[in-house]
K.L.:
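Here's a structure for you.
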Amino acid sequence: MPPQKRNRDFGWLLIVCAGLLPLVLGILCTAIEARHTVSQQQISTANTLLTQAEKMSDNAWDMITQLRQYHYQPCSQIENQLQRAGALNAYFRSIGTLRGDNIECSSAYGLNHGPLAEMMMQPPPVTGKAWWSISVRGTSGVPNRPAVVFVRQLPDSTGFWAVIDGQYLMDFMHAIGESRGYQMSLQFSGGALISSGPTDVEPELYLKSESYQAESSRYPITVNVTVPAAELLKAWRQALFIFLPMAAIFSILLMVLTANWLRRRISWADEIRRAMRNRQFSVHYQPVYSTALQRASGAEALLRWQLPNGEMIRPDIFISHAESEGMIVPLTQHLLELMAEDIQSWQVEPGFHIGLNVAADHLQHADFVQDIQRFARRIKDKQMVVTLELTERSLIDDGELVARKLRYLQSHGMKVAIDDFGTGHCSLSYLLTFPLDYLKIDRGFINAIEGLEVETPVLDAIINLCHKLELAVLGEGVETSLQFAYLKQRGVVFIQGYYYARPMDNDRLRAWLNEQGRQPLLVEEHHESELRHS
């Protein structure tokens with residue numbers, strides 16, 4: 001699979017992930033935001049409840065302070081005043097005076113004295129302090145409703161007390177927590193809980209109830225507010241409802257940006273750059289046979305691309321993409337570098353030709369002449385002839401400028417050829433425009449050869465044209481002895497194809513040149529071999 005297609009598959013996955021990212025982050029962020037919002041509401045509710053409890057406590061201690069005016073007065077004289085004070089001040093269930101641990105006078109009981117513990121329905125707490133408060137489940141007069149008892153004891157064993165009805169606190173808790181389903185509780189000095197709200201809170205999916213506890217800095221009061229999971233889920237849904245339209249916009253925007261980034265990131269241009277950087281390209285060489293010299297007279301350089309997994313990318317694929325994406329110039333420069341490295345180890349006779357394809361973009365590039373001259377200098381000691389083969393994949397816009405470049409290079413000993421002649425739409429114009437030394441006949445015309453005596457009009461016309469223009473001719477794609485004999489009979493000097501030698505890497509080429517490169521190619525031997533194998 002070409003890297004472009006494989007990366008495109010991963011690219012679609014990345015685009016989808018990019019689109020999902022804002023949604024996933026939105027869900028997480030809205031969940032965090034919902035939890036934060038509920039937590040702030042929870043804290044605010046707890047502080048409000050704590051403030052109300054402190055306010056009631058303030059009233060209770062203020063009441064006890066007022067009761068000190070009745071110190072040492074008998075209950076019969078202050079009973080009416082106690083009843084009036086208890087009735088006119090909110091929150092109070094009863095108030096009174098103490099003597100030791102017994103109630104001396106009460107706004108609710110009058111002269112019916114009894115132990116404080118009996119009224120509280122529990123023993124008084126042992127605090128070691130002259131004043132204390134505690135929440136209780138109820139009092140003797142109202143046993144089924146919680147209350148808060150406040151006591152101030154004097155050094156002479158007398159004291160004062162006040163009872164706040166817990167109903168006021170429960171009503172307040174109900175008012176501030178009902179709409180959100182909060183479960184709230186108050187506790188004075190670790191006494192009985194005064195609570196409001198649902199007692200059975202069921203979890204919602206993966207959410208659970210959240211509790212918050214606050215303590216007063218002034219009084220021994222503890223407040224606990226529990227938020228049900230349903231409230232968290234409700235807040236989350238509200239946040240999602242607000243966020244989802246924005247998340248959808250961000251999702252689309254991120255997908256577009258990712259697609260644009262990927263288009264640049266996984267383009268063939270980037271793949272080719274990485275392949276050059278990682279030395280995935282190599283050069284194979286296909287020898288060229290000279291019928292005049294009866295031995296190998298040169299070789300054509302063919303660029304190959306092998307992925308790290310061993311997979312080969314077809315040259316027609318990556319070269320066409322290199323041309324379309326503006327990478328053919330750096331790719332050809334890379335080819336020249338690889339060729340220069342390989343040729344250093346060759347042992348060939350002077351005049352050995354090395355051919356390479358040059359694209360129209362490179363021919364028209366400002367660095368073309370400099371690139372070719374640099375390559376020629378690096379192999380100068382081998383005394384080889386560099387043949388520049390013009391391809392017809394793209395048009396040459398400024399033909400006169402390119403012609404001047406080619407004449408300049410010819411003046412320095414290089415040759416110019418047209419590759420795959422007859423397959424493009426500008427071959428004849430090339431003949432008129434550029435200074436040429438060779439013409440390479442495309443394999444499509446060679447395949448039309450059916451016999452030594454059977455004419456191929458188009459092929460013969462091309463060969464005759466070359467002879468009239470005094471151009472050397474090279475037949476490409478020669479695969480049979482019949483094709484070889486036909487071309488040789490018509491004066492084609494150079495032969496290239498599987499019949500003579502296949503493309504091979506640098507190491508195999510050096511071995512081949514030493515073993516077979518200097519041997520003549522005998523048509524009869526090959527023809528007899530073909531007959532034996534058939």
Side-chain angles (χ1 to χ4, degrees), residues 283-290 297-305 313-324 328 331-332 335 339 353-364 368 386-397 399 402-403 406 414-449 456-467 469 471-480 483-484 486-487 490-503:
V283 186
H284 284 207
Y285 302 89
Q286 187 169 23
V288 175
Y289 181 75
S290 171
S297 61
E300 179 183 5
L302 304 169
L303 192 61
R304 295 291 184 262
W305 183 1
I313 307 300
R314 285 168 39 195
D316 60 321
I317 293 177
F318 70 77
I319 290 177
S320 63
H321 282 290
E323 290 177 328
S324 63
I328 194 63
L331 187 61
T332 305
L335 169 65
M339 291 173 60
H353 287 243
I354 182 66
L356 70 147
N357 289 326
V358 288
D361 287 345
H362 196 196
L363 284 166
Q364 298 169 120
F368 171 68
V386 178
T387 301
L388 306 175
E389 301 179 7
L390 312 186
T391 63
E392 300 180 85
R393 294 186 182 91
S394 55
L395 290 172
I396 297 176
D397 296 328
V402 172
L406 294 177
M414 301 181 194
K415 303 295 181 181
V416 180
I418 294 181
D419 191 23
D420 298 332
F421 181 81
T423 59
H425 58 278
C426 50
S427 297
L428 293 178
S429 66
Y430 276 18
L431 292 177
L432 296 173
T433 306
F434 304 119
L436 301 175
D437 300 290
Y438 297 94
L439 190 149
K440 301 180 70 173
I441 303 175
D442 184 72
R443 69 184 63 217
F445 300 106
I446 306 297
N447 291 335
I449 298 173
T456 55
V458 177
L459 175 60
D460 292 344
I462 294 174
I463 295 174
N464 290 332
L465 177 63
C466 292
H467 291 332
L469 296 175
L471 299 178
V473 188
L474 185 149
E476 293 184 300
V478 178
E479 298 182 352
T480 66
Q483 295 172 348
F484 177 83
Y486 186 94
L487 295 172
R490 283 158 177 76
V492 176
V493 177
F494 299 105
I495 303 296
Q496 182 181 11
Y498 287 180
Y499 178 70
Y500 181 53
R502 292 175 176 268

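Remember, predicted model here, so these are calculated numbers, not experimental data.
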K.L.:
Considering all heavy atoms of both residues, which atom of G475 and which atom of V492 are nearest to each other, and what is their separation?
P.N.:
N-CG1, 3.9 Å
K.L.:
Ignoring hydrogens, what is the shortest heavy-atom contact between N447 and G477? Give both atom names and the distance.
P.N.:
OD1-O, 4.4 Å
K.L.:
Let me confirm one number: the CG-CG distance from L469 to L436, rounded to the nearest 0.5 Å.
P.N.:
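Rounded to the nearest 0.5 Å, the CG-CG separation comes to 8.5 Å.
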K.L.:
Check the pair V416, M414 against side-chain contact (heavy atoms from CB on, under 4.5 Å), reporting the backbone distance first and the verdict last.
P.N.:
CA-CA 7 Å; V416 180; M414 301 181 194; over 6 Å; no
K.L.:
What verdict does the side-chain contact (heavy atoms from CB on, under 4.5 Å) test give for N357 and E300, after you've listed the backbone C-alpha separation in whole Å, the side-chain angles of each residue and the deciding distance to 0.1 Å?
P.N.:
CA-CA 9 Å; N357 289 326; E300 179 183 5; 3.8 Å; yes
K.L.:
Counting heavy atoms not belonging to R490, are there more than 12 under 6.0 Å from its CZ?
P.N.:
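Above 12, so yes.
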K.L.:
To the nearest 0.5 angstrom, please state how far the CD atom of E389 sits from the NZ atom of K440.
P.N.:
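So the CD of E389 and the NZ of K440 are separated by 3.5 Å.
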K.L.:
For the side chain of E476 and the backbone of Q496, is there at least one donor-acceptor N/O pair under 3.5 Å apart?
P.N.:
no
K.L.:
Can you measure from CG (L303) to CG (L335) and round to the nearest 0.5 angstrom?
P.N.:
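That separation rounds to 5.5 Å.
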K.L.:
From I319 CD1 over to I313 CD1, what is the distance, rounded to the nearest 0.5 angstrom?
P.N.:
12.5 Å
K.L.:
What pair of heavy atoms forms the shortest contact from P503 to H284, and how long is it?
P.N.:
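Residues P503 and H284, closest heavy atoms: CB-CB, 4.2 Å.
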K.L.:
What distance do L474 atom CG and D419 atom CG have between them, rounded to the nearest 0.5 Å?
P.N.:
9.0 Å
K.L.:
Looking at V478, V473, I446, which one forms a side chain to side chain contact (heavy atoms under 4.5 Å, CB included) with I495?
P.N.:
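That would be V478.
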K.L.:
Could you give me the CA-CA distance, side-chain angles and deciding distance for I449 and L487, then say whether side-chain contact (heavy atoms from CB on, under 4.5 Å) is met?
P.N.:
CA-CA 9 Å; I449 298 173; L487 295 172; 4.3 Å; yes
K.L.:
Side-chain contact, heavy-atom cut-off 4.5 Å: T387 with D437?
P.N.:
no
K.L.:
Can you check whether Y500 reaches Q286 side chain to side chain, under 4.5 Å on heavy atoms?
P.N.:
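Side chain of Y500 against side chain of Q286, heavy atoms only: no contact under 4.5 Å found.
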K.L.:
Parallel, tilted or perpendicular: which one describes the rings of F368 and H362, with boundaries at 30° and 60°?
P.N.:
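Correct class here is perpendicular.
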K.L.:
Does Y499 reach the main-chain N or O of Q483 with its side chain, forming a donor-acceptor pair under 3.5 Å?
P.N.:
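Pair absent, no side-chain N/O of Y499 close to backbone of Q483.
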K.L.:
Counting C-beta onward and ignoring hydrogens, is there a side-chain heavy-atom pair between M339 and L356 closer than 4.5 Å?
P.N.:
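Heavy-atom side-chain distance check passes, below 4.5 Å.
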K.L.:
Mind checking the OH-CZ spacing from Y289 to F484? Nearest 0.5 Å is all I need.
P.N.:
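Between Y289 OH and F484 CZ, I get 5.0 Å after rounding to 0.5 Å.
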K.L.:
Are F421 and L431 packed together at the side-chain level, in the sense that at least one heavy-atom pair is separated by less than 4.5 angstrom?
P.N.:
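Answer yes - side chains close enough.
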K.L.:
Does the side chain of L390 reach to within under 4.5 Å of the side chain of V402, using non-hydrogen atoms?
P.N.:
no
K.L.:
Can F445 and T456 be said to form a side-chain contact (heavy atoms from CB on, under 4.5 Å), step by step?
P.N.:
CA-CA 8 Å; F445 300 106; T456 55; over 6 Å; no
